[in-house]
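This structure is a prediction, so every number in the text was calculated from the model and none was measured. Chain naming here is simple, since letters A, B, ... match the order of the sequence lines and numbering starts at 1 in each.
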Amino acid sequence: MESGTISLERVGSFDLQSTLESGQSYTWDRADGRMYERPGAVGSTAWYHTVIPRSVVGTEAFVRVRQTDDRLEWESSIDAHDELCALLRLDDDLDAIIESFPEEPALSRALERFDGMRLVRDPPFPTLISFICSAQMRVSRIHQMQRRLAESFGTSVTFDGATYHAFPTPEQLASASESALRSLKLGYRAPYVRESAAMVASGTRDPTDVQNLSYEAARRSLTEFVGVGEKVADCVLLFSLDFLEAVPLDTWIRRAIADRFPDCDRGSYAETSRAIRTRLGDTYAGYAQTYLFHHLRTNETASV
DNA sequence: TATCCAAGGTAAGTT
DNA sequence: AACTTACCTTGGATA
């Protein structure tokens, strides 16, 4: 076992709970089993764990991390320092990003509630699959689906005497039957997951192929996966592939557009996307979207 | 306790 | 190209 700490003094503000429980990542779990049980909560000192895929570091690598005030403590089967900095986007200059946001009451309120929340930089294939699963689903159930996929088809790893499961590889998911996937409560998403996994497994396409395309070309390219429309493509671009300008037009942000930025509703996804992107600040519009999403989704009155 | 509704949408068919 | 409709499942709201 390896372990270490990461001081957050030079990183800037960071909040592990809101980062991992804001509905952007479905690759982590909590040791106490309370993942996504308290929507909108911040500041938890619980241990969170994940298994970094083989495709990233050459072997399935267990990592767990917790936050105590101004530092992160981690334990892992590898030296996980650099991987954690990447996964949790500790390299982002959050002050500069927030500085780029427009003045807007709901956004200001979101920044107050979730001080230190960052985007994640999740591995591409699990992100692709989890957001294919996200269609018409609640956040907690999306997380459950990914847990079931890992336990049913993922490679098991042991750490500190306990067993954990990596997210399935493209090959492992492609060889799952549709009925097996439906039995995991994926519903009509089952064939989408299976077919998109097969596309990656066969080498026909890979989500990382779009990295060097322009943003809109990358979004269009990702929609060639089965079960991936423009919204899911934006989620993969934002939460995994470093396109921080991507603004997923989900039900919450559409509601926000209708209530707060009605001039940005241009009918089509592409045109509305351009308008809201400009309104939220072209470079980091996706960061602003995620603050708004988490705030509106966990705010009972949803007025501010 | 029964029924209804919406949940981080997409694909396929129509106009 | 814009507009419908079907699609699995279930927790929570409503009657």
Sugar-phosphate only, base, or nothing, as touched by A:Lys231 at under 4.0 Å among non-hydrogen atoms: base
Contact under 4.0 Å: A:Arg141 side-chain N or O vs C:dT10 OP1/OP2: no
Given C:dT9, B:dG9, B:dG8, the nucleotide with the shortest approach to the side chain of A:Arg297: B:dG8
Euclidean distance, atom CD of residue A:Gln136 to atom C1' of B:dC4 [Å, nearest integer]: 16 Å
Atom-to-atom span, CD1 of A:Ile276 to P of B:dG8 - whole angstrom: 19 Å
Pairwise P distance for B:dG13 and C:dC8, with rounding to whole Å: 15 Å
A:Ser152 OG to A:His165 NE2 distance, which is reported to the nearest 0.5 Å: 8.5 Å
Complementary nucleotide for B:dG8 - Watson-Crick or wobble, under 3.5 Å: none
From B:dG8, C:dC8, C:dT9, nucleotide with atom closest to A:Pro248 side chain: B:dG8
A:Thr251, nearest nucleotide to its side chain (from B:dG8, C:dT10, C:dC8): B:dG8
A:Arg277 and A:Ser273: CA distance, side-chain angles, deciding distance, side-chain hydrogen bond (donor to acceptor under 3.5 Å, both in side chains) verdict: CA-CA 6 Å; A:Arg277 201 157 70 235; A:Ser273 170; 2.9 Å; yes
Whole-Å distance separating the CE atom of A:Met137 from the P atom of B:dA6: 15 Å
A:Glu99, CD: over 12 other non-hydrogen atoms inside 6.0 angstrom: no
Touch class at under 4.0 angstrom, heavy-atom based, for A:Phe239 against every strand present: base
cation_pi(A:Arg297, A:Trp252) dist<6.0 Å, angle<=45: no
Residue-phosphate contact under 4.0 Å: A:Arg255 side-chain N/O, B:dA7 OP1/OP2: yes
Sugar-phosphate only, base, or nothing, as touched by A:Gly23 at under 4.0 Å among non-hydrogen atoms: base
Separation of B:dG8 P from A:Asp234 CG (nearest whole Å): 17 Å
Distance, nearest 0.5 Å, that separates CG of A:Leu20 from CE of A:Met117: 11.0 Å
Donor-acceptor pair present, A:Arg138 side chain and C:dT10 base, under 3.5 Å: no
Student check: side-chain heavy atoms of A:Phe114 and A:Asp15 closer than 4.5 Å: no
Any strand: nucleotide that pairs with C:dC8 via Watson-Crick or wobble, under 3.5 Å: none
Rounded P spacing from C:dA13 to B:dG8 in Å: 14 Å
Touch class at under 4.0 angstrom, heavy-atom based, for A:Gln24 against every strand present: base
Sugar-phosphate, base or nothing in reach of A:Arg189, heavy atoms under 4.0 Å: base
Under 5.5 Å and under 30°: A:Trp252 stacked on B:dG8: no
Side-chain N or O of A:Lys185 closer than 4.0 Å to phosphate OP1/OP2 of C:dT10: yes
Whole angstrom value for the distance that separates P of C:dA1 from CD of A:Glu230: 12 Å
Side-chain heavy atoms of A:Leu72 within contact of A:Leu8, under 4.5 Å: yes
Side-chain donor/acceptor of A:Tyr188 to base of B:dG9, under 3.5 Å: yes
For atom CZ of A:Phe293 and atom P of B:dA7, their distance in whole Å: 11 Å
Nucleotide B:dA7, atom C1' - distance to CD of A:Gln144 in whole Å: 13 Å
Gap between atoms CD1 and P, on A:Ile142 and B:dT10 respectively (whole Å): 12 Å
Touch class at under 4.0 angstrom, heavy-atom based, for A:Glu178 against every strand present: nothing
